[in-house]
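Working notes, structure below.
Sequence positions, counted from 1, serve as the residue numbers for this chain.
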Amino acid sequence: NTDWLKTLFGNSFTHEHSLSVNGGTDKIQYYLSANYLDQGGLLKFGDDSKQRYSFTAKINADLTKWLKISYSMRFNRTDYEAPSFAGGDIKSNVFYFDVCRYWPVIPVVDPNGFYTVESKIYQLTEGGRYKSQKDVMAHQLAFIVEPIKDWKINVELNYRSNYNFDHTDYQTVYGYDVSKNPYIIANQTSSVTEYAYKSNFFNPNIFTEYGKSLESGHNFKVMLGFQSELFKQRDITASQDGIMSEVATLNTTQTNAQNRGGYSEWATAGFFGRVNYDWKERYLFTFSLRHEGSSRFGENHKWGNFPAVSVGWRISDEKFMKGLSWIDDLKVRYDYGVTGNQEIGNYNSLATYRAFGWYQYNGNRFHVWGPSKNTNSELRWEKGHNQNVGLDFSLFSHKVTGSFNYFHRKQSDLLGDYSVPVPPNLFSTIYTNVGTLRNTGFELDVTVNAVRTKDFTYSFTLVGATNNNKFVSFSN
């Protein structure tokens, strides 16, 4: 009658504290805040806990009539500690899976008074510790310049850094047989593994916009801008076996030293523009164009053009609709746009190499390197062509609102792995643009505000959709 969840997990105490200060004048404002969280773990055997420290600072200043500046920063540190047997990624840790499937006929303690091997208690209390520290630092510096009325220039500089450090030590764990003799049940060879990771992300955004509203009802707005992203990351892992001291570090281990690491980066850059026009919000028109490049694609295919256009007609504002008082708002719309997808690996378009072990020659050992995949210098953007025709409505003094939409979406130059013959290729698959997928369908969204009083409201929403997927073509 063993309840393993109650046996291994219990209650915990968590406390959190926050402090904030703000103030300023009509020209300058500031805000400071700090937060501390101490969250106890649920394990009854082998402590687990998490502490979080965060600090935020913001300042806004109107330096002149035409220049505003703002700066914000946020620092967040998270410390986590748990038994190495239950630490790390809980989604892949078999300990939590085992707890939920253990038979209740398995006892916690054997007749000699020792914990049973199946209880995992010795593994939790004596099997080593997992410690993790994660730091996130984010900064944003922004300027708003207004040289003349209705013309604004926005400059945003964003920077974020991440630093992670993980330590895991695995200690040899002993259980006891029926004669009370110890024997190894986990981690026959003790070891220490340490992992360090850092990343830096830089994202400048510069855009300018100008808007003008005329007395005749014509409204214009124009925007031009530039945006880029640069992301770099680096990691290193080191491990060694044979812990010689109660203090488990890489320096207190003695055999089988191993290390590995990596470095990668990617970048994007984009130029964009948008024009908005409407006449008394009755006739609406928007056009935008984005010219964007990504480091992830082939030499001659890094850049892509992504236009979008939308038009709308608010029929309810027309004179011939004035007699229909039960219609509050009625608008038909159409939009077409092209989007790009570059969420793939960083070096799929380049020739990359990997290690293939060691080669003995003339008394010397050489590390052997060779191609790691088929190279595709023609890799290009995956593009989504999206069209929508819709009707938005509000009826009976806004008691019934909703929309009806027909969509037609085509994904061309889909990115994915494609089988190829060997030879002439070195490997049986290549990452490439493999085909076209089409989705069509209808979407309906209706909300009925059935009751609206001062003290009580009741409404319900009906949502429905159809979707027809077709794999139009596949590369050969």
Side-chain angles (χ1 to χ4, degrees), residues 219 221 223 227 270 272-290 292 304-318 320-344 380-416 433-452 457-474:
N219 302 296
K221 192 173 184 179
M223 181 181 69
Q227 179 186 39
F272 56 90
R274 187 179 67 205
V275 177
N276 296 85
Y277 165 79
D278 74 82
W279 183 72
K280 296 183 177 181
E281 297 187 355
R282 184 183 305 178
Y283 309 115
L284 306 102
F285 172 80
T286 300
F287 174 78
S288 65
L289 176 64
R290 188 175 183 92
E292 187 162 2
N305 295 314
F306 307 99
V309 62
S310 66
V311 293
W313 177 25
R314 181 162 279 108
I315 305 175
S316 55
D317 285 355
E318 297 290 352
F320 60 80
M321 297 290 291
K322 296 304 180 182
L324 303 175
S325 58
W326 55 278
I327 298 179
D328 308 309
D329 187 36
L330 185 64
K331 183 179 73 173
V332 294
R333 51 180 168 76
Y334 169 80
D335 63 80
Y336 169 79
V338 181
T339 58
N341 175 29
Q342 58 106 32
E343 296 303 320
I344 60 174
R380 58 190 180 271
W381 286 88
E382 175 184 315
K383 292 187 176 182
H385 304 260
N386 307 303
Q387 296 186 73
N388 294 277
V389 179
L391 178 71
D392 301 326
F393 56 87
S394 178
L395 312 174
F396 307 111
S397 299
H398 305 290
K399 288 185 177 181
V400 179
T401 61
S403 63
F404 179 76
N405 186 69
Y406 169 77
F407 63 87
H408 183 284
R409 299 164 187 163
K410 184 178 74 170
Q411 291 292 122
S412 60
D413 292 329
L414 292 169
L415 293 163
N433 301 90
V434 296
T436 301
L437 178 68
R438 184 177 65 211
N439 296 334
T440 59
F442 297 90
E443 298 170 325
L444 175 66
D445 184 342
V446 179
T447 298
V448 178
N449 299 298
V451 180
R452 287 188 299 176
T457 62
Y458 173 71
S459 64
F460 61 89
T461 300
L462 173 66
V463 178
T466 66
N467 190 15
N468 179 30
N469 297 332
K470 184 177 181 180
F471 203 24
V472 179
S473 62
F474 194 70

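- Nearest approach of Arg333 to Ser403, heavy atoms of both residues: NH2-CB, 4.1 Å.
- With sequence neighbours excluded, the residues forming a side chain to side chain contact (heavy atoms under 4.5 Å, CB included) with Ser412 are Lys383, His385, Thr436, listed by chain and number.
- For residues 397-406, no residue pair satisfies the salt bridge (charged side-chain N to carboxylate O under 4.0 Å, His left out) rule, not counting sequence neighbours.
- Residues that satisfy the side chain to side chain contact (heavy atoms under 4.5 Å, CB included) test with Thr461, not counting sequence neighbours, are Asp445, Thr447, Val463.
- Residues Asn305 and Pro307 share a closest heavy-atom pair of O-CD, 3.6 Å.
- Residues Lys331 and Glu281 fail the side-chain proximity criterion, which asks for heavy atoms closer than 4.5 Å.
- Minimum interatomic distance between Leu284 and Trp313 (heavy atoms only, all atoms of both residues): CD1-N, 4.4 Å.
- Once rounded to the nearest 0.5 Å, the distance linking NZ of Lys410 with CG of Asn386 reads 11.0 Å.
- Counting all heavy atoms, side chain and backbone alike, Asn433 lies closest to Trp381 at ND2-O, 3.9 Å.
- Phe272 is listed as a side-chain neighbour of Met223, based on a closest heavy-atom distance under 4.5 Å.
- Of all the heavy atoms in Thr401 and Ser394, the pair that sits closest is CG2-OG, 3.6 Å.
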Exercise for the section: Take Phe474 and Val434, measure what side-chain contact (heavy atoms from CB on, under 4.5 Å) needs, and give me the verdict at the end. Expected result: CA-CA 6 Å; Phe474 194 70; Val434 296; 4.1 Å; yes
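- A tilted orientation is assigned to the rings of Tyr458 and Phe460, their planes being inclined by 30° to 60°.
- Between Phe442 and Phe404, the angle of the ring planes stays under 30°, which puts this pair in the parallel group of the 30/60° scheme.
- One finds the OG atom of Ser310 at 11.0 Å from the CZ atom of Phe287 (value rounded to the nearest 0.5 Å).
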Practice task
Test side-chain contact (heavy atoms from CB on, under 4.5 Å) on Leu330 and Leu391 and set out the steps.
Solution key: CA-CA 7 Å; Leu330 185 64; Leu391 178 71; 3.5 Å; yes
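- Between Thr457 and Asn449, every side-chain heavy-atom pair lies at or beyond the 4.5 Å cut-off.
- With values rounded to the nearest 0.5 angstrom, Thr466 atom OG1 is found 8.5 Å from Glu443 atom CD.
- At least one donor-acceptor pair under 3.5 Å links the side chain of Asp328 to the backbone N or O of His398.
- Without hydrogens or angle criteria, Arg438 side chain to Val472 main chain gives no donor-acceptor distance under 3.5 Å.
- With no hydrogens or angles considered, no side-chain donor-acceptor pair links Tyr406 and Gln387 at under 3.5 Å.
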Practice task
Take Phe471 and Leu414 through the test side-chain contact (heavy atoms from CB on, under 4.5 Å) and record every step on the way to the result.
Solution key: CA-CA 11 Å; Phe471 203 24; Leu414 292 169; 3.7 Å; yes
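- For the pair Arg380 and Asp413, the tightest heavy-atom approach, listed with the atom from each and the gap, is NH2-OD1, 3.1 Å.
- Atom OH of Tyr277 is separated from atom CG of Asn219 by 8.0 Å, given to the nearest 0.5 angstrom.
- Distance check: Arg314 CZ to Asp392 CG gives 8.5 Å after rounding to the nearest 0.5 Å.
- Atom-to-atom distance recorded for Glu382:CD and Glu343:CD is 10.5 Å, nearest 0.5 angstrom.
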Exercise for the section: Carefully, step by step, assess Tyr283 and Phe285 under the rule side-chain contact (heavy atoms from CB on, under 4.5 Å). Expected result: CA-CA 7 Å; Tyr283 309 115; Phe285 172 80; over 6 Å; no
